[in-house]
S.K.: 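Structure provided below as structure tokens; questions to follow.
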Amino acid sequence: MATGKGGGGRLVADRRYSGQAAATQKKSAPKKPPAPRRPPRRQHGFLMRGFLFLWRMIWGVLWRVTAVGALVLAGAVFFFYAKLPPLDDLLDGRARGSVTLLDRDGQVFAWRGETFGSNLTADSVSPHLVNAVVATEDKRFFWHLGVSPRGIISAIRINLAEGRRPFEGNGGSTITQQVAKLLCLGVAYDSAQWKTEAAYESDCRSGGMWRKIKEVPYAMAMEVKYSKKDILTIYFNRAYLGAGARGFEAASQRYFGKSAADVTPAEAAMLAGLLKAPSTYAPTSSMKRARDRAAVVIGLMHDQGYLTDAEAQDALDHPAELSHAAKQNTGGFFADWVMETTPDYLARDTTEDVTIETTLDQKLQAKAEEALAWVFENKVKAGSKAQAAVVVMSADGAVRAMVGGRDKPMAGDFNRATQALRQTGSAFKPFIYAVAMDLGYSPLDYVDDSPWSIYVPGSGTYAPKNYDGKFKGVITLTQALAESRNIPAVKIQELVGRDLVKKVATEFGVATNLADGPALALGASESTLIDMTGAYAGILNGGSSVTPYGLVALKLKGEDTALFGQGGGIGERVITETASHALIYMMTQVIEKGTGTRARLDGREAAGKTGTTNSARDAWFVGFTADYVVGVWIGYDDNTPLTGVTGGGLPAEIWHEVMVRINEGVEPKPLPKEIPASRFSPTPEGFAPPAGTVNPNDFVQPEEVPYFDGSNPQKPGMTEDDLAEQILRDVLGQGN
């Protein structure tokens, strides 16, 4: 710095830079402002530092696990996606076929196995059905990717609120997950692993966390592989909807007699309601439960905008009705019998859907059931546990109706018309007289109803007794049968020969294991009601054997060519037509003047025979008009003796009620009867029946009548076979 003289001058700064340097300094950029000072680093406490460290660790593990889980899920989805077959292969998942049974008019009356209607699509069914299913089962179906977390959380909440385990009860499954279950997650049925299809399906539908986890990638794979409509199509075809119906088409046909494409909102709601519990809500099981459940579904459809107020109210006001066939619900025992008499590979074990045309007449079936119920309601003490069976048959063996038992608690599905072997009692006696007529006897020939005994080698003396403990003396064979006299029946049997009686009875189809002793005449052998009814049909048709049948033709569904034809009918001749007509005359007198008067029909000829077994454990009435043969049996399943019941009592009354109903509108026809004159001369003693023995008003007497007392003394050294042969020679007048 420079100063002036004397120190008082102006201070002047020293020029430190040249002019060029100064210019350069002026042109240089201004200096950057100094960087702001960083605030001091925040210091956390010990606990916070520990928490943050733990969070970083968890987050690091979590995103890595999530990434790995996503990769695993993607791999599982791809794995299931690659295994999923084409859509058409998934529509009918049954391992076996079904059987549809048609009555004689071609109307469906029963189904066996799981019926399958046809391959429906989501586009071909009624829109009401699509809406009902979606509204009921999965309202977010068209928006999720196969799994609904919100639905699962909601289901867990409901289960816990109702006191169940989280995954017990409501599962929150989407429709896609339900389809995954129906497909058993791709696991096919293996008979070596599961004994039955029911066991297989039960295993597929069982719960458990692992199965639930597997459902997720499988359901997502389905969402990738198929469209939403495809998934609905699988669901519509595979869902079980009760009463043996697999798929909505089969169920719609089963319950309403129409296609699933034509169901109304009320019918769609009832079908959709079955998905929750098919057996419980099936309308054939309980119409009230089915309608209550349908009302809930209608409410859901309304709340979700599928039905207007008016449509919802109309559906509630006009609930679904069962079809006539489903409502009638007849012929169950008959259907089971037809299935049993059909080869297994065409019926129970069929792998195809088949149709069986049968002989059943649903109107007659309903009338037979009505008649049986009426008698028990009006003639039997309330609470009776007695069982009964009825068979209605044509003369050629075609079964028109069958009641296999009363609908009682613990009655089960045992068919007492076809499976119960019971002693026949006096219902067996017509076959003894059938032999006599075939050998040339006349209904007006005579026999002595007096105390009598016979020596049976190896057993001793056998002395039959009459039911009433009385004896009528000399009576015609017709009277003996009409009044069911035991002593004459045994005498005639021993006269014509036991072996011949067995042969004729067996050929008529009564039974194969007939009793050996003289008690054969009194019905000591066992038979079923259907066999006895068939045997009487043989008498009506002129003496030819009959094999009862219900199957007319078996065809593959949709085809006209029968794979299997009629399984029975008229067979070989057993007795002559003349003999059968004579026997029919004798059996008409059972109803007109004998033990079966309660079965008498006004203005219509009928023939039949009562039967009551030892200790009254079984009571029978079997008989016929010109159009129908009807057999009735009453007894207890445990063989408890009946109280105050004989074949001429309740069985005859049931028979009468059945015949009155099934013959309504049928023109009365006479029965084929014939009364041939006796071909035999009087005995060497010239015996003629004493005056007054026979009432002329009851029986027409021929000019000459033989007298058979059954007493043929056994010669020393003569065997039983020799005795039978000798009796036969004496009867036929052939001598020794």
Side-chain angles (χ1 to χ4, degrees), residues 331-338 340-341 359-360 364-365 368-369 371-372 375-376 386-395 397-406 411-431 505-506 508-514 523-540 545-550 568 596 599 608-613 616-624 628-637 639 642 645-659 662:
F333 285 112
F334 177 89
D336 291 339
W337 171 65
V338 169
E340 290 168 3
T341 56
T359 60
L360 182 74
L364 300 188
Q365 176 70 34
E369 293 174 358
L372 179 63
V375 171
F376 270 87
Q387 272 296 347
V390 178
V391 171
V392 180
M393 186 182 296
S394 297
V399 177
R400 302 303 181 189
M402 177 184 292
V403 183
R406 297 174 62 213
D413 57 0
F414 179 67
N415 192 335
R416 294 154 189 85
T418 63
Q419 295 174 306
L421 277 169
R422 309 297 290 239
Q423 286 190 339
T424 60
S426 293
F428 182 84
K429 289 176 181 175
F431 306 108
T506 301
F508 268 127
V510 174
T512 54
N513 298 316
L514 295 172
S525 304
E526 295 179 334
S527 187
T528 62
L529 178 62
I530 193 167
D531 286 343
M532 285 293 289
T533 309
Y536 276 54
I539 297 171
L540 173 61
S545 65
V546 159
T547 300
Y549 69 98
K609 184 67 186 75
T610 58
T612 309
T613 62
R617 288 184 170 86
D618 302 279
W620 304 70
F621 193 93
V622 188
F624 46 80
Y628 298 111
V629 188
V630 174
V632 176
W633 167 87
I634 292 181
Y636 288 100
D637 286 340
N639 272 323
L642 295 161
V645 177
T646 64
L650 282 177
E653 293 191 34
I654 294 172
W655 188 92
H656 174 270
E657 292 300 323
V658 171
M659 277 295 191
I662 67 175

S.K.: So do F428 and K609 actually touch side chain to side chain, heavy atoms under 4.5 Å?
M.R.: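 Counting from C-beta outward, K609 and F428 never come under 4.5 Å.
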S.K.: Is the charged tip of R400 near the ring of Y628: under 6.0 Å from the six-membered ring centre and within 45° of its axis?
M.R.: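 So R400 doesn't make the cation-pi contact.
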S.K.: Would you mind telling me which of L540, V630, I530 makes a side-chain contact (heavy atoms from CB on, under 4.5 Å) with M393?
M.R.: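 Exactly one option meets the side-chain contact (heavy atoms from CB on, under 4.5 Å) with M393, and it is I530.
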S.K.: Does a side-chain heavy-atom distance below 4.5 Å link R422 with N639?
M.R.: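 A side-chain contact exists here, since the closest heavy-atom pair is under 4.5 Å.
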S.K.: Taking C-beta and beyond as the side chain, do I634 and F621 meet within less than 4.5 Å on heavy atoms?
M.R.: no
S.K.: Begin from the C-alpha positions of I539 and F431 and carry the test side chain to side chain contact (heavy atoms under 4.5 Å, CB included) through to its verdict.
M.R.: CA-CA 9 Å; I539 297 171; F431 306 108; 4.2 Å; yes
S.K.: Where do A652 and G648 come nearest, in terms of heavy atoms and distance?
M.R.: CB-O, 3.6 Å
S.K.: Nearest 0.5 Å, what's the CZ-CD distance between F334 and Q365?
M.R.: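 That separation rounds to 8.5 Å.
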S.K.: In Å and rounded to the nearest 0.5 Å, what is the OG1 to NZ distance from T424 to K429?
M.R.: 10.5 Å
S.K.: Say whether, by atom type as modelled, one donor and one acceptor occur between the side chain of T646 and the main chain of T612 under 3.5 angstrom.
M.R.: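 Absent.
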S.K.: Under a 4.5 Å cut-off applied to non-hydrogen side-chain atoms, are M532 and V391 in contact?
M.R.: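 Of all side-chain heavy-atom pairs linking V391 with M532, none is under 4.5 Å.
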S.K.: Kindly determine whether E340 and N415 satisfy side chain to side chain contact (heavy atoms under 4.5 Å, CB included), including the steps that lead there.
M.R.: CA-CA 11 Å; E340 290 168 3; N415 192 335; 5.9 Å; no
S.K.: Could you tell me if the side chain of E657 sits less than 4.5 Å from the side chain of L372, heavy atoms only?
M.R.: no
S.K.: Taking all non-hydrogen atoms of both residues into account, name the closest pair between V510 and A535 and its distance.
M.R.: CG2-CB, 3.8 Å
S.K.: Ignoring hydrogens and geometry, is there a side-chain-to-backbone donor-acceptor pair from R617 to G635 under 3.5 Å?
M.R.: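 Judged by distance alone, no pair lies under 3.5 Å.
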S.K.: Could you tell me how the ring of Y536 sits relative to the ring of F624: parallel (under 30°), tilted (30 to 60°) or perpendicular (over 60°)?
M.R.: perpendicular
S.K.: Is there a donor-acceptor pair under 3.5 Å between the side chain of W620 and the backbone N or O of Q423?
M.R.: yes
S.K.: Mind listing the closest non-hydrogen atom pair of A388 and F376 along with its distance?
M.R.: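 Here A388 and F376 meet closest at CB-CE1, 3.9 Å.
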S.K.: Within the structure provided, determine whether H656 and V375 are in side-chain contact (heavy-atom separation under 4.5 Å).
M.R.: no
S.K.: Using 0.5 Å steps for rounding, measure from the OG1 atom of T533 to the CH2 atom of W633.
M.R.: 13.0 Å
S.K.: Just verifying a value: how many Å separate F333 CZ and R416 CZ, rounded to the nearest 0.5 Å?
M.R.: 6.0 Å
S.K.: Tell me, do V645 and P651 make a side-chain contact under 4.5 Å, heavy atoms counted?
M.R.: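 They are in side-chain contact.
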S.K.: Is the backbone N or O of D531 less than 3.5 Å from a side-chain atom of T528, with the two atoms forming a donor-acceptor pair by type?
M.R.: yes
S.K.: Ignoring hydrogens and angles, tell me if any N or O in the side chain of T359 forms a donor-acceptor pair with the backbone of V399 under 3.5 Å.
M.R.: yes
S.K.: Determine the minimum heavy-atom distance between V390 and A368, stating which atoms define it.
M.R.: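 Between these two residues, the closest heavy atoms are CG1-CB, 4.5 Å.
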S.K.: Indicate yes or no for a side-chain donor-acceptor contact from W655 to the backbone of V632 under 3.5 Å, with no hydrogens or angles considered.
M.R.: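 Looks like no, no N/O pair under 3.5 Å.
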S.K.: Can you see which heavy atom on G534 is nearest to which on P548, and at what distance?
M.R.: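 Looks like CA-CG, 4.1 Å.
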S.K.: How close do S525 and L514 get, heavy atom to heavy atom, and via which atoms?
M.R.: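 Closest pair (atom of S525, atom of L514, distance): OG-CA, 3.3 Å.
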S.K.: Can you find a pair of side-chain heavy atoms, one from T418 and one from L529, that are under 4.5 Å apart?
M.R.: no
